[in-house]
Amino acid sequence: MEHRGLDAYGYFEREGSLGQVPAEFRPVVAAARERIGDAYGRRLHSAYLYGSVPRGTARPGRSDLDLLIALHHAPGGEDRDTTEALARGLDEEFPEIDGVGVLLYGKDRLLSEQERYDLGWFLAALCTPLLGADLAEHLPRYRPDSLLARETNGDLAALLPGVRERIRAAATPEEYRKLCRGVSRHLVRTGFTLVMPRWGGWTRDLTESAEVFGQYYPERAGQMRAAAAAALDPVADPAVLRAYVEDLGPWLADEYTARHGTKTPRPAG
């Protein structure tokens, strides 16, 4: 069976393009491009869009703007302060977006052997070039195999304790909704990459991801569909989050480890 997201040879097709950016989001994308160049100057190697905006599926007032910024050197405190100010300024000025997420790395890390099947794959397959020379030219082509599954999402077990702490610390409906959206997304994407090598394809659509997962784990299909719905329309219900970290999350982590192994540890920082 042929699945979208792959070319005729079974390699990932790079998703998204500047031509797919919806008209409502073009002003904020143009502003981001200009401000990134001004903010980092010669420190900047390149910048990329990812997520719903370059895929053309963003919803005005509901979707966030996701950016990846690559510097010539490993980022320091000043660089991170610049990133925070950049994201805050864009979010405050453009009501079309509901938040700005920025990933900030040095180019050597993005091209490193250790990140070849995680950040490297993410940049080469899921990011749309916005500014500067494209680092994907120095990376291989990728297939939806078990190695990629392990190195992208094989760390759920290690992440769950921190998620539990964040849930315990949440106190307002907005904090619960933010956690609900983030954790739901992560679980659905992890559920999809668990079955990705067997399915033999790729999708970033959360609803489709849940449906593909359900083909292989029908007993958990309802939970994953609900998580996909909550990722798109998050709820401020602590019971939903508790079910994630007490039931679905631990089961998914154990099944993932059994099928694909554990993600290679990364150095701190």
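With hydrophobic clusters built from ILVMFWY side chains whose heavy atoms lie under 4.5 angstrom apart, Leu206 shares a cluster with Phe122. Put simply, Leu123 and Val29 are part of two different groups of oily side chains (I, L, V, M, F, W, Y) that touch within less than 4.5 Å, one to the next. Under the 4.5 Å side-chain heavy-atom criterion for ILVMFWY residues, a single connected hydrophobic cluster contains both Val235 and Met224. Cluster membership for Leu131 and Leu135, using ILVMFWY side-chain heavy atoms within less than 4.5 angstrom, is not shared. No continuous path of hydrophobic side-chain contacts links Tyr48 to Val102 [ILVMFWY only; heavy atoms under 4.5 Å].
Closest approach of Asp134 and Pro129 over heavy atoms only: OD2-CG, 3.6 Å. The heavy-atom pair separating Ile97 from Asp91 by the smallest distance is O-OD1, 3.8 Å. The minimum heavy-atom distance between Pro54 and Gln20, with the atom names listed, is O-CB, 3.3 Å. Looking at every heavy atom in both residues, Ser209 comes nearest to Thr203 through OG-CG2, 3.7 Å. Nearest heavy-atom pair, Leu6 versus Gly200, reported as atom, atom and distance to 0.1 Å: CD1-O, 3.2 Å. Residue Met196 comes nearest to Pro144 through the heavy atom pair CG-CB, 3.5 Å, listed as atom of the first residue, atom of the second, then distance.
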Under 3.5 Å, which donor-acceptor pairs link side chains of residues 61-75 to any protein atom two or more places apart or in another chain?
unit_1	atom_1	unit_2	atom_2	d
Arg62	NH2	Asp233	OD1	2.2
Ser63	OG	Arg59	N	2.7
His72	NE2	Leu44	O	3.2

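A distance of 6.0 Å separates CG of Leu130 from CZ of Arg33, quoted to the nearest 0.5 Å. Here CD of Glu15 is found 8.5 Å from SG of Cys127. Values are rounded to the nearest 0.5 Å. Taking NZ from Lys263 and CZ from Arg150, the interatomic distance works out to 11.0 Å, rounded to the nearest 0.5 Å. Rounded to the nearest 0.5 angstrom, Arg109 CZ and Leu104 CG are separated by 10.5 Å. Separation of atoms CZ (Phe192) and CG (Asp205) is listed at 10.0 Å; rounding is to 0.5 Å. Taking CG from Leu156 and CZ from Arg189, the interatomic distance works out to 14.0 Å, rounded to the nearest 0.5 Å.
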Subject >> side-chain contact (heavy atoms from CB on, under 4.5 Å) between Phe12 and Arg141, intermediate numbers included >> reply: CA-CA 7 Å; Phe12 278 82; Arg141 304 195 70 192; over 6 Å; no
**OP:** Test side-chain contact (heavy atoms from CB on, under 4.5 Å) on Val163 and Leu241 and set out the steps.
**Re:** CA-CA 9 Å; Val163 174; Leu241 291 166; over 6 Å; no
**OP:** Mind running salt bridge (Lys or Arg N to Asp or Glu O under 4.0 Å) on Glu113 and Arg116 for me, showing each step along the way?
**Re:** CA-CA 5 Å; Glu113 186 66 30; Arg116 183 63 49 86; 3.6 Å; yes
Subject >> Check against side-chain contact (heavy atoms from CB on, under 4.5 Å), Arg143 and Leu148 >> reply: CA-CA 8 Å; Arg143 296 182 186 272; Leu148 185 62; over 6 Å; no
Original post:
Which is it for Thr262 and Tyr256 under the side-chain hydrogen bond (donor to acceptor under 3.5 Å, both in side chains) test, yes or no, and what are the steps along the way?
Top reply: CA-CA 8 Å; Thr262 303; Tyr256 213 99; over 6 Å; no
**OP:** Go through the steps for Glu115 and Tyr105 under the test side-chain hydrogen bond (donor to acceptor under 3.5 Å, both in side chains), then give the verdict.
**Re:** CA-CA 12 Å; Glu115 296 292 351; Tyr105 296 102; over 6 Å; no
**OP:** Might you work through the side-chain hydrogen bond (donor to acceptor under 3.5 Å, both in side chains) test for Tyr244 and Ser184, ending with a clear yes or no?
**Re:** CA-CA 8 Å; Tyr244 286 162; Ser184 298; 2.8 Å; yes
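No side-chain heavy atom of His45 sits less than 4.5 Å from a side-chain heavy atom of Leu110. Counting only heavy atoms from C-beta outward, the side chains of Tyr216 and Trp199 approach each other to under 4.5 Å. Trp202 is listed as a side-chain neighbour of Leu126, based on a closest heavy-atom distance under 4.5 Å. No side-chain heavy atom of Val100 sits less than 4.5 Å from a side-chain heavy atom of Glu92. Looking at Gln215 and Val195, their side chains never come closer than 4.5 Å, going by heavy atoms from C-beta outward.
Looking at Glu93, its side chain never comes within 3.5 Å of a backbone N or O of Leu90 through a donor-acceptor pair. No donor-acceptor pair closer than 3.5 Å links the side chain of His260 to the backbone N or O of Leu147.
Under 4.0 Å is where a charged nitrogen must lie from a carboxylate oxygen, and between Arg177 and Glu174 at least one such pair does. Between Asp247 and Arg242 there is no salt bridge, since no side-chain nitrogen of the basic residue lies less than 4.0 Å from a carboxylate oxygen of the acidic one.
With sequence neighbours left out, the salt bridge (charged side-chain N to carboxylate O under 4.0 Å, His left out) criterion links Arg88 to Glu84.
Side-chain contact, Thr128 with Tyr50: no donor N or O sits under 3.5 Å from an acceptor N or O. Remark: the Thr83 side chain and the Tyr40 side chain contain an N/O donor-acceptor pair separated by less than 3.5 Å. At a cut-off of 3.5 Å, with distance as the only test, no side-chain donor of Asp118 or Thr152 sits close to an acceptor on the other residue. At a cut-off of 3.5 Å, with distance as the only test, no side-chain donor of Tyr117 or Thr264 sits close to an acceptor on the other residue.
Applying the 6.0 Å contact sphere to CD of Glu78 captures no more than 12 heavy atoms from other residues, nucleotides or ligands. Other residues, nucleotides and ligands contribute more than 12 heavy atoms inside 6.0 Å of the CZ atom of Arg35.
In this structure, Arg220 satisfies the cation-pi test against Trp251, with its NZ or CZ atom closer than 6.0 Å to the six-membered ring centre and inside 45 degrees of the ring normal.
Each of Thr190, Val183, Val188 was evaluated against His186; a single residue qualifies, Thr190, per the side-chain contact (heavy atoms from CB on, under 4.5 Å) test.
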